[in-house]
Amino acid sequence: MLDYMESVSRAFEQSTGWSRDNSYANITATSKALLDFKIPTAFEFQVSNATTPYTFNTTRVSTRNIFNGSLTYLYSDADNLKDMVRGSGAVSLQQVTETYRYFQPFYNHKSAPSNGDRLVRKSLYYGRMYYPTSNLEAMMIKRLTPYTQVKLKCLSTFNEFNILTCHWQRDTGRNCQELIFSTNDLLCGYRFLHNFLGTPSKMKTSLYNNSSLSLGTELWLGLITLSPGCSTTLRYCTHAPNTGRPLTLTLSWNPFFGNLSSSYSAKTSTSTTFCAKYDFNLYSIDSNLSFGVEVWRRGSTNQQHEPPTSQSINKTDNLMYHHLLPTLSQSSSHGHGQTKMEHEQQLLQDLTTAFSTSLKRIDREKFEIENFQNDYSCANFTSVWKLSTSLRDKNLKVLWEGKFKGFLVSAGGEFFKSSPLLDNRSRTPLYPARFGVQLQYST
Amino acid sequence: MALFPSFILSDESKENISKIINLTHTVAHYGWIPFILYLGWAHTSNRPNVLNLLSPLPSV
């Protein structure tokens with residue numbers, strides 16, 4: 001479940017036109033959300049509200065072994081931020097849950113704001129004070145130009161552990177570059193992501209191709225220890241042409257550690273999502289297979305989305321392309337060339353019919369994709385079950401997230417096949433390693 | 001300050017600089033959240049009450 005402040009910062013990105021998914025840091029966000037989702041480890045309660053249209057705050061209390069918590073304040077001068085951030089009773093569940101990421105990096109549609117740089121230069125200030133330790137988390141995001149932004153993150157403590165991290169990001173839609181510098185080990189990093197397709201294009205196998213291909217890489221170097229690091233990832237997103245259901249494939253490769261990772265994520269319906277991931281290490285010949293599944297439950301909805309029928313599509317297509325169909329009534333009156341004219345007419349009719357069929361197919365595929373996305377985004381989901389398991393770790397992660405009387409509830413646990421502390425001959429089939437409940441309320 | 005040898009900075013100077021850095025750190029640490037609240041207060045046209053800004057609970 002996303003925290004309230006995370007929702008506000010995402011609303012800030014949406015308000016300023018910043019694409020969160022077009023970054024190498026989030027290139028495997030879908031498989032992470034389906035397999036490595038976060039499970040609460042304590043009883044946690046959060047109350048959030050917006051005191052002014054520009055100021056948001058959160059109070060969090062948590063009880064694990066000791067009673068602790070935090071106070072969070074956020075200020076942003078972005079437009080309409082308060083309207084975009086909804087309270088826990090009105091927000092839709094798919095907006096506050098980490099789930100399958102719809103992503104279409106068609107950069108030809110990315111347009112710079114026409115109102116000049118004044119509207120672009122928005123900023124966000126964030127501060128979170130923990131108690132009883134008095135540690136401080138601080139963050140500042142500043143949009144410099146329509147394509148660049150600077151992000152500063154700081155962790156401040158009084159026990160000689162202070163970290164300042166600077167991010168400089170430039171996203172043109174086609175390419176996304178990021179320079180990172182951290183005072184921890186004087187770590188320097190560079191991330192790069194390139195999108196290959198700019199528009200939905202025609203391919204040999206499909207007339208309407210809504211797929212996208214992205215390739216990214218990252219390089220790291222710690223200046224004090226001189227320890228390098230790098231990885232590269234390929235991401236392919238597409239839709240099933242007949243059903244319009246999206247699927248994502250990623251392939252990651254870390255040459256230093258020899259780790260090869262591939263994942264396949266698909267929305268098998270609007271209420272279910274499936275993900276499989278296979279990891280393989282070339283140096284240690286060690287492998288792992290992970291599965292994750294999401295099952296969403298719908299509540300009563302006021303908006304009924306009628307499924308499209310083939311008759312309605314054909315009727316619309318006939319209306320759209322009626323001018324392309326040949327008019328057989330306009331036949332030639334000349335008797336001597338009648339056979340030749342009929343032959344030409346037949347040829348023209350065949351060509352027009354073939355062209356019309358292709359147009360119908362493009363329209364139908366596009367309609368299926370858009371209809372599936374609209375059906376998902378307008379659905380009134382009340383809860384979601386998330387399950388994840390890994391064959392090597394022999395664990396099972398269970399998470400339930402839902403809305404209950406205006407609260408956002410997240411409860412879950414992680415279970416292992418046997419406890420490392422207990423004897424392996426123990427008859428307990430599953431040992432709970434951690435579990436917790438999180439309650440959120442916001443107005 | 002341990003990075004600088006003693007012929008560049010005397011021990012007393014090192015101590016003073018260290019005190020200044022610690023004081024700056026403390027001011028920035030405890031002043032960051034009041035600074036965020038001041039930005040919200042100054043940017044709002046009706047200038048809300050400071051207690052309303054500080055209150056973490058939803059206003060009735």
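The sequence lines fix the lettering, A, B, ..., with proteins before strands; numbering per chain opens at 1. Remember, it's a predicted structure, so these values are computed and weren't measured experimentally.
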* To do: Could you pull out all residues at least two apart from A:Arg86 that satisfy salt bridge (charged side-chain N to carboxylate O under 4.0 Å, His left out)?
  =>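 Once residues adjacent in sequence are excluded, A:Arg86 has no partner under the salt bridge (charged side-chain N to carboxylate O under 4.0 Å, His left out) criterion.
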Determine yes or no for a side-chain-to-main-chain donor-acceptor pair under 3.5 angstrom, with A:Ser88 supplying the side chain and A:Ser442 the backbone.
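Flag set: sc A:Ser88 to bb A:Ser442 pair under 3.5 Å.
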Checking heavy atoms, do the side chain of A:Tyr125, its backbone, both or neither come under 4.5 Å from chain B?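 It is both, since atoms from each part get that close.
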Under 4.5 Å from any heavy atom of chain B - which part of A:Thr157: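 Contact with chain B involves the backbone of A:Thr157 alone.
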Which region of B:Leu39, side chain (C-beta onward) or backbone (N, CA, C, O), has a non-hydrogen atom less than 4.5 Å from a non-hydrogen atom of chain A, or is it both or neither?
->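 Both parts, backbone and side chain.
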Would you find more than 12 non-hydrogen atoms of other residues, nucleotides or ligands less than 6.0 Å from A:Phe435 atom CZ?
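Counting other residues, nucleotides and ligands, CZ of A:Phe435 stays at 12 neighbours or fewer.
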*asked:* Could you work out, with ring-ring contact (aromatic ring centres under 6.0 Å, His included) as the rule, every residue matching B:Tyr30, not counting sequence neighbours?
replied: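 So B:Tyr30 forms a ring-ring contact (aromatic ring centres under 6.0 Å, His included) with A:Phe158.
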- Task: Considering only heavy atoms and a distance below 4.5 Å, find which of A:Leu136, A:Asn135, A:Thr52, A:Asn162 pairs most often with chain B.
- Result: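 Most pairs with chain B among the choices: A:Leu136.
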